[in-house]
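Down below is the structure, laid out as structure tokens.
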Number of protein chains: 2
Amino acid sequence: MSPARTDHDSRRQDVSEAVWQVLAEHGFGGLTMRAVAAALGSSTGLLTHYFAGKRELIAHALDILEVRTAQRPRQAAPAPGLAALRTQMLNILPLTPDAAAMNRIWVGSWDVALSDPDLFAAQSLRYERIRAGLRTSIEDAQRVGELPDGDSGRLATTVLAFTHGLVVQALFDPERLPAATQTRLVDDFLAALTR
Amino acid sequence: MSPARTDHDSRRQDVSEAVWQVLAEHGFGGLTMRAVAAALGSSTGLLTHYFAGKRELIAHALDILEVRTAQRPRQAAPAPGLAALRTQMLNILPLTPDAAAMNRIWVGSWDVALSDPDLFAAQSLRYERIRAGLRTSIEDAQRVGELPDGDSGRLATTVLAFTHGLVVQALFDPERLPAATQTRLVDDFLAALTR
DNA sequence: GCGTACATGCCAAACGTTTGTTATGTACGG
DNA sequence: CCGTACATAACAAACGTTTGGCATGTACGC
């Protein structure tokens with residue numbers, strides 16, 4: 001059929017990273033086809049060659065974002081349970097410049113997602129997946145007595161709420177909330193949960 | 001100077017509410033001069049008569065937003081301390097359709113605020129004011145033994161993080177987080193803090 | 001092997017629309 | 001009349017998208 005002259009998927013990823021770069025710097029309000037093309041050093045024609053339109057550009061960029069956040073290369077996977085939960089929370093927080101850039105995009109996406117039905121649904125799904133991940137760690141922790149019994153679903157909601165709320169504050173006041181302080185707040189929070 | 005034919009300030013407020021209405025429906029990405037004028041039932045010429053440009057329109061609308069959130073007409077001011085803290089948290093949450101609309105704007109503003117230095121500074125200040133309000137309630141609660149001693153500033157950060165994180169989740173999944181469930185999560189959270 | 005046929009990768013330019021802003025015109029109370 | 005309060009209309013710039021074309025590669029009958 002079509003032995004590709006260039007690797008299609010890898011090119012799509014290049015484009016997505018250019019989108020990413022523009023978003024981190026100018027937010028969704030500054031995301032334009034021309035800006036992405038400039039960041040990529042190409043023409044807007046290239047973009048439409050790999051993506052149907054601006055809409056798909058955004059959607060694909062957000063998909064990549066979720067995966068990267070979950071698979072952030074942090075210290076080796078800890079023991080399941082409370083330690084794993086802690087690692088999951090730290091993986092989300094903007095503890096490094098790179099993580100801060102990703103979170104800026106993540107937070108910025110909420111405006112578009114709240115106004116676009118498709119992106120809204122995708123974002124809701126993403127949240128559910130994240131909560132599911134937290135929940136299994138919570139249930140592991142409960143099984144070994146690291147956390148008191150209780151509705152693990154509600155607890156996952158609480159943990160995610162705290163984490164994302166901390167993300168927002170850290171983005172708007174990075175000097176008051178450096179990495180060490182964020183970690184401290186997470187540990188205090190988890191200590192309160194263990195009663 | 002000018003015995004005004006119309007009340008200048010009241011007209012500015014009318015404009016701001018039109019801005020508000022557009023933001024709640026289409027987000028910051030859909031905020032245009034013409035959309036605001038249409039929502040107001042006027043021309044764009046009116047807008048420029050009261051505001052220098054789009055920038056000032058946004059800034060003023062966000063100022064109003066903060067004031068309204070803080071002064072939301074909820075049940076009469078409770079006793080200072082833990083009860084007051086609880087009320088402050090409930091005042092923020094999207095427990096009513098009106099509050100949900102305000103939160104949609106609030107959350108949406110983060111994208112622009114993160115990319116615009118002026119709005120960024122204004123937003124940071126707003127957060128500090130909110131935390132200060134929470135902090136006095138926390139210290140009151142600590143004084144009467146409703147909360148264990150500890151850094152009230154860090155605790156305020158934790159409370160605000162949880163609250164705003166809950167706002168985001170509630171906006172993206174209103175069916176899973178109706179008003180009653182949100183209130184329940186707040187009470188569970190506060191119970192955990194009281195150890 | 002080779003030349004035709006065709007698909008792919010990409011650019012440059014142009015399309016029509018929408019944007020924020022500004023200039024001009026009109027109505028009218030003081 | 002003069003200045004305020006708007007509407008109307010125009011403006012250049014920027015927007016997302018479409019188009020035509022030029023390469024450059026593979027596929028295949030011969």
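Throughout, protein chains are lettered first and strands after them, A, B, ... in sequence-line order, and every chain is numbered starting at 1.
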Can you measure B:Leu47 atom CG to C:dT21 atom P for me and round it to whole angstrom units?
11 Å
Can you tell me if B:His49 touches the phosphate of D:dC6, counting only side-chain N or O atoms and a distance under 4.0 Å to OP1 or OP2?
no
Rounded to the nearest angstrom, tell me the gap between atom CG in B:Leu40 and atom P in D:dA5.
15 Å
Within the structure shown, what part of the strands sits under 4.0 Å from B:Ser42 by heavy-atom distance: base, sugar-phosphate, or nothing?
sugar-phosphate
Let me know the distance between OH of B:Tyr50 and P of C:dT21, rounded to the nearest Å.
19 Å
Between A:Arg184 and A:Asp187, is there a salt bridge with N-O shorter than 4.0 Å?
no
B:Arg12 CZ to D:dA5 P, straight-line distance once rounded to whole Å:
12 Å
Of the options D:dG16, C:dC10, C:dG20, whose atoms approach the side-chain atoms of B:Lys54 most closely?
C:dG20
Of the candidates D:dG16, C:dC10, D:dA10, the side chain of A:Met33 sits closest to D:dG16
Within this structure, what is the CZ-to-P distance between A:Phe51 and D:dG16, rounded to whole angstrom?
15 Å
Whole-Å distance separating the CD1 atom of A:Ile58 from the C1' atom of D:dC15
13 Å
Against the side chain of A:Thr32, the closest entry in D:dC6, D:dG16, C:dT19 is D:dG16
Cation-pi geometry met for B:Arg68 and B:Trp20 (6.0 Å, 45°)
yes
SB check A:Glu128 B:Arg176 (cutoff 4.0 Å)
no
According to the interplanar angle, ranging from 0 to 90°, do the rings of A:Phe51 and A:His60 count as parallel (below 30°), tilted (30 to 60°) or perpendicular (above 60°)?
tilted
Can you measure from CG (A:Asn103) to CD1 (A:Ile92) and round to the nearest 0.5 angstrom?
8.5 Å
Closest to the B:Arg34 side chain, choosing from D:dA10, D:dC6, C:dC10:
D:dA10
Between B:Arg11 and D:dC6, does any side-chain N or O lie under 4.0 Å from OP1 or OP2?
yes
Starting the side chain at C-beta, find the nucleotide from D:dC6, D:dT18, C:dG20 nearest to A:Thr48.
D:dT18
Comparing nearest nucleotides in DNA chain D, the 5'-proximal residue of the pair B:Ser43, A:Leu31 is B:Ser43
